[in-house]
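Contents: one structure, followed by commentary.
Here the structure is a predicted model, which is why all the values come from computation and not from measurement. The figures that follow rest on heavy atoms only: side chains count, while hydrogens, waters and symmetry mates do not. One-based numbering along the sequence shown.
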Amino acid sequence: MTDRRELPTYTISEAAHYLSVPAATIRYWSVGRGGNLPLIGIPSPSSPTLVSFLNLTELHVLSALRREHRVKMPAVRDAIEHLSKLATTPLDRRHPLVSRVLETDGLHVFTDYYGQLINLSRSGQAVIREVIAGALKRIERDRGGIPIRLYPFTRHSIRNAPATVLIDPALAGGRPVIAGTGLATQIIAERYKLGESISALAEDYERPGTEIEEAIRCELEAAA
């Protein structure tokens, strides 16, 4: 039986929306462009292109790197290939950017190797390492180390960003919800767009106003 985390689930537009990354960039990373190969391996490269939950977590890591440091595609591709050689399981080889290796010494291997490829100073490499480590902390894993939940960034700044919104393939069809609930952020945002206030929504759903605000920010800022 295929793990639901590897099933083709999200369109390019949905992945772009949830991660606040241009759709063209998500497509490039997922399927490549021209003679350039993709950065990740997806289950459904044909039309319509669909990515899995594990792909979404990989794209999340790439998006964090892109926000803090403009991604140099050839260097990142080379560094990912280098990282995949350290993988000890087939799944980690398929998804090196969220492999268990990357959470340990592999993080240094990846950032140091990448930094050398683009001539980054040691301080620059340390910044990238901090950014990727911060992105990895927003990925919850099962006992085997496989990602099961993602807390996407809902703000442009990734430092001290709240982990209020959750993507779990076992909840709401894998669509974003408020963490600790099954409340879909899309439904909350739609009600807000129809004129309901944050305080009224907070009272209706019996959730803090800050959570309602973050759910709205997740949907409306990403769509902007």
Review point. E140 versus L150: any side-chain heavy-atom pair under 4.5 Å?
Key: no
Check your understanding: Rounded to the nearest 0.5 Å, how far does CD1 of I167 lie from OG1 of T185?
Key -> 8.0 Å
Check your understanding: Do R5 and D142 sit within salt-bridge range, that is, some charged N less than 4.0 Å from a carboxylate O?
Key -> yes
Point to revise | R138 to Y151 six-membered ring, cation-pi geometry met (6.0 Å, 45°) | key: no
Review point. Looking at CZ of R207 and CG of L183, how far apart are the two atoms once the value is rounded to the nearest 0.5 Å?
Key: 7.0 Å
Review point. Are the aromatic ring centres of F153 and H60 under 6.0 angstrom apart?
Key: yes
**Study point:** Check ion pair E219-K193 (N to O, under 4.0 angstrom)
**Key:** no
Practice item. Answer yes or no: is there a side-chain heavy-atom contact under 4.5 Å between S30 and I12? Key: yes
Check your understanding: Where does the angle between the aromatic ring planes of Y10 and Y18 fall among parallel (under 30°), tilted (30 to 60°) and perpendicular (over 60°)?
Key -> perpendicular
Point to revise | Spacing of D112 atom CG and R122 atom CZ [to the nearest 0.5 Å] | key: 7.0 Å
Check your understanding: For W29, which of V76, N55, L59 qualifies under side chain to side chain contact (heavy atoms under 4.5 Å, CB included)?
Key -> L59
**Study point:** E214/T154 under side chain to side chain donor-acceptor pair (under 3.5 Å): CA gap, chis, key distance, verdict
**Key:** CA-CA 7 Å; E214 211 62 35; T154 52; 2.6 Å; yes
Review point. Taking side chain as C-beta onward, heavy atoms only, is I188 less than 4.5 Å from L201?
Key: yes
Exercise for review: Give me the one residue out of L91, I139, I40 that meets side chain to side chain contact (heavy atoms under 4.5 Å, CB included) with V98.
Suggested key: I139
Point to revise | Under 3.5 Å: donor-acceptor pair, side chain of R175, backbone of G173 | key: yes
Practice item. Flag yes if I212 and L166 sit in one hydrophobic cluster, no otherwise; membership is Ile, Leu, Val, Met, Phe, Trp, Tyr, and two members link when side-chain heavy atoms are under 4.5 Å apart. Key: no
Check your understanding: Out of curiosity, does V165 fall in the hydrophobic cluster containing L220 (side-chain heavy atoms, cut-off under 4.5 Å, transitive links)?
Key -> no
Review point. Would you say the side-chain atoms of E213 pair up with the backbone N or O of I198, donor to acceptor, closer than 3.5 Å?
Key: no
**Study point:** Full working for side-chain contact (heavy atoms from CB on, under 4.5 Å) between L7 and F53
**Key:** CA-CA 7 Å; L7 292 174; F53 171 75; over 6 Å; no
